[in-house]
**Student:** 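Attaching a single structure in structure tokens format; questions to follow.
Small disclaimer: the values here were computed from a predicted structure and weren't measured.
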Amino acid sequence: MARGKLRIYLGAAPGVGKTYAMLSEAHRRVERGTDCVVAFVEHHHRPRTEVMLHGLEQVPRKHLDYRGSAFTEMDVDGVLLRAPAVALVDELAHTNVPGSRNAKRWQDVEELLAAGIDVVSTVNIQHLESLGDVVESITGVRQRETVPDEVVRRADQIELVDMSPQALRRRMAHGNIYKSDKVDAALSNYFRPGNLTALRELALLWVADRVDEYLTEYRSEHRVSRIWGSRERIVVGLTGGPEGRTLIRRAARLAEKGAGGEVMAVYIARSDGLTSASPKELAVQRTLVEDLGGTFHHVVGDDIPVALLDFARGVNATQIVLGSSRRKTWQYVFGPGVGATVARESGPDLDVHIVTHDEVAKGRGLPVARGARLGRSRIIWGWVVGVGGPVVLALLLNTIDLGLANDMLLFLTVTVAAALLGGLFPALASAAFGSLLLNYFYTPPLHRLTIADPKNIVAIAIFVGVAVSVASVVDLAARRTHQAARLRAESEILSFLAGSVLRGETSLEALLERVRETFGMESVALLERAGDVDPWTCAGSVGPRSPKRPEDADVDMPVGDHMALALSGRVLPASDRRVLAAFAAQAAVVLDRQRLQHEADQAKELAEGNRIRTALLAAVSHDLRTPLAAIKAAVSSLRSDDVAWSEEDQAELLEAIEEGADRLDHLVGNLLDMSRLQTGTVTPLIREIDLDEVVPMALGGVPEDSAELDIPETLPMVAVDPGLLERAVANLVENAVKYSPTDEPVLVSASAMANRVEVRVVDRGPGVPDEAKDRIFAPFQRYGDAPRGAGVGLGLAVARGFAEAMGGTLNAEDTPGGGLTMVLTVRAVDSLPDLATATAERQAS
């Protein structure tokens, strides 16, 4: 038995008119002749609702005693025994009195639906289980009666009953919802304007999400590729800090508010090494963004704001989500920060969202990565301190006398500072310049570059030695730090690459795009050739103007003897080639994997072809034998000299021969069409044509009164192959006539929808259950107990194959009231005037 359909009237609050709308729908159905009963409706002594119950059959309620009080509940057994077509069940989230058949009313409704009874019900948004905490925070009231969200989401129809807070409060004030003694308390508590507005927003958003689900499902079923509405593409800038999860969730909520929103999280590492971001935290954030339907990207760039903006513009993003800076107030003296810079440089096409989080102003938490070795700006400051520091110190020491030992310690301090800032050479310059100043100003004889006391010579030598030693140690430490950071950057990128291998990512274009993002290149191509003297061919490429030969690229990385990864955009330093080599090797592996997959698919196609050929042989040996036997028997009878056939008998035998030949022609035609589809030799000749020129011709193979045609003249022209369309429609009509009752003609209608035209073939036969709707389109499938004489089961398979060859679709739907509807969708011609002009020009020439 088919499951019943559930329709729910959803409201934001009590009194918006859900029950009234449900009863109005019941009256409309009764007027149309539908068997509709009231299983349980609570009118709450509201006069207008109570009046709507008049004229509707009500199933008597079940009386229950609980703790000395009498209660009434819906009598599930009574409704099942009555077995109406439609049952009205109010208050879906209601909790039944203990001792009832089920604990919740929605469980009662599930029993009715399972019995094939359609149910119309009502529920308020505050009764959805997932919104319990939100509703409590808004109204201060915890809802004890709830219904699982999945129960409501499974409803076949959800209709929002909406009313503005002001109108609802007026209804309350007029006594249309509660009795007069409860109105004041309700208006000042639950029914406050703020509460009602928030509940209304919840209801609207929940229904909007459900509409998006319906739309996505519809677009997927009808293969609608054109974007309907704006598409938000949101880039989330991650630092590896703990605030990343907050940013990702915020971006996901922003993406959900638009049609087809997309979230891309990007982590930017400097080319000289990553900051000390926690690999574990990055892995958690990557998992989170992928669980939310987004993608994770790893990009290398020295200037983080520029790299982030370049990435956002490269992927055509509309919004950027960043976290508020973790800097403390005094740290802003070093610059405005990434968020402020990105917001300033984003331009009018990119919206930048700065999101607050728990780590704001708590310090960076991640040490700043330095530039190559010590960084250009730091080296400049080292020279400034190394050269200018001794001069300033000399001017200060000329005003006070601290003694030679203290003077040398102060000059040594300046030299150490220069070494810490700029490395070896600024420190050496500071040591040399400082020793000259010490000799000239503070070592007797003064103001002369000579030294009288040998002890002072030793002191200055020690001073120079210490300065050089400190500078050497600082420079070596800077080199080792750079190398360690560089290796860490490489290890994390290689770890990501290994992760993609383990996850089985086999798209060559995706890997090449990852190479382009990681190294900041304009284009990347994987080139190969058969031999040393053969020309190069491109196995895959991304980006504009990809190189055709390794010699044309800015960077080329050989992979074996006859393959190379070519990059254009800038020259990479030698230190980057180690990571690039790993990417190149992975690209070769992915290419080999794709080719192996292609060979496996071809082998699968061959196996499928063998299966089809086996089925064809079975069809020839069984289904084709019947018409051949009938033809042979009729011919043998006519040629027999032992029997004198009358003219009527001869006509009957000739008619049997003709019917058998027609049947053979139809079967052989379908077999040939199926073999063409399996071998991929169907090449449609698409041209613009009116449906009324093709569809009527498809009805020639069925009895005259067995099909009705409804093709409006206002339909746009369609882009199809007329021959394939005629064969597809003919197969659909013949199949529908075969299963439809003789007194119920098949209806063939057409209608326009956006840039598509639908041809519907409607029958009133037994129909097909949902689980078998896709199976009936498989070759050699005959649903139910169709006899062998019904054909080999290729008609629908051929029709779908022809539809898809023309860029259309063919699906099966239930016919309202019973039966099956075949929906053939083809592409409509967008510009009729252009077609007419082109036709006129061809005729004139």
**Student:** Where do Leu238 and Phe296 come nearest, in terms of heavy atoms and distance?
**Tutor:** CD1-CE1, 3.9 Å
**Student:** Give a yes or no on whether the backbone of Arg233 and the side-chain of Thr318 come within a donor-acceptor separation of less than 3.5 Å.
**Tutor:** yes
**Student:** Excluding sequence neighbours, so at least two apart, what forms side-chain contact (heavy atoms from CB on, under 4.5 Å) with Val589?
**Tutor:** Gln586, Arg593
**Student:** According to side-chain contact (heavy atoms from CB on, under 4.5 Å), who are the partners of Val306, at least two apart in sequence or on a separate chain?
**Tutor:** Asp303, Asp310
**Student:** Treating Ser324 as the side-chain partner and Val355 as the backbone partner, does any N or O pair qualify as donor plus acceptor under 3.5 Å?
**Tutor:**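 Checked: pair present.
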**Student:** So, do Val321 and Leu254 sit near enough that their side-chain heavy atoms are less than 4.5 Å apart?
**Tutor:**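 SC-SC contact between Val321 and Leu254 confirmed.
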**Student:** Examine Phe311 together with His297 and report whether their ring centres are nearer than 6.0 Å.
**Tutor:**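 That pair passes the under 6.0 Å test.
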**Student:** Which heavy atom in Ala343 sits nearest to a heavy atom in Val352, and how many Å separate them?
**Tutor:**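 Where Ala343 meets Val352 most closely, the heavy atoms are CA-CG2, 4.0 Å.
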**Student:** Measuring only between side-chain heavy atoms, which start at C-beta, is Leu565 closer than 4.5 Å to Asp556?
**Tutor:**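 Result no, sub-4.5 Å side-chain heavy-atom pair not found.
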**Student:** At their closest point, which heavy atom of Leu512 faces which heavy atom of Ser541, and how far apart are they?
**Tutor:** CD1-N, 3.7 Å
**Student:** For Arg549, what residues pass the side-chain contact (heavy atoms from CB on, under 4.5 Å) criterion, not counting sequence neighbours?
**Tutor:**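 Checked Arg549 against side-chain contact (heavy atoms from CB on, under 4.5 Å); matches are Trp536, Glu551, Asp552.
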**Student:** Using every non-hydrogen atom in the two residues, find where Leu308 and Gly237 come nearest and quote the distance to one decimal.
**Tutor:** CD1-CA, 4.4 Å
**Student:** Restricting to side-chain contact (heavy atoms from CB on, under 4.5 Å), what partner residues turn up for Leu410, sequence neighbours left out?
**Tutor:** Leu393, Leu397, Leu402
**Student:** Would you mind reporting whether Leu247 and Leu322 have side-chain heavy atoms less than 4.5 Å apart?
**Tutor:**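 Result no, sub-4.5 Å side-chain heavy-atom pair not found.
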**Student:** Test Ile320 against Leu309 for side chain to side chain contact (heavy atoms under 4.5 Å, CB included), laying out the working first.
**Tutor:** CA-CA 9 Å; Ile320 296 178; Leu309 288 172; 3.9 Å; yes
**Student:** Would you say CH2 of Trp383 has more than 12 non-hydrogen atoms from neighbouring residues, nucleotides or ligands within 6.0 angstrom?
**Tutor:**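 Result for CH2/Trp383: enclosed.
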**Student:** Look at the side chain of Asp291 and the backbone N and O of Leu288, then say whether any donor-acceptor pair between them is shorter than 3.5 Å.
**Tutor:**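 It does not hold such a pair.
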**Student:** Which residues pass the ring-ring contact (aromatic ring centres under 6.0 Å, His included) test with Phe433, sequence neighbours left out?
**Tutor:** none
**Student:** Identify each donor-acceptor pair in which a side-chain atom of residues 521-528 lies under 3.5 Å from a protein atom, sequence neighbours left out, and give them as a table.
**Tutor:**
residue: Glu528; atom: OE1; partner: Arg595; partner atom: NH1; Å: 3.3
residue: Glu528; atom: OE1; partner: Arg595; partner atom: NH2; Å: 3.3
residue: Glu528; atom: OE2; partner: Arg595; partner atom: NH2; Å: 2.2

**Student:** A quick test of your reading: do over 12 heavy atoms of other residues, nucleotides or ligands sit less than 6.0 Å from CZ of Arg529?
**Tutor:**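 Yes - once you tally the heavy atoms of other residues, nucleotides and ligands closer than 6.0 Å, there are more than 12.
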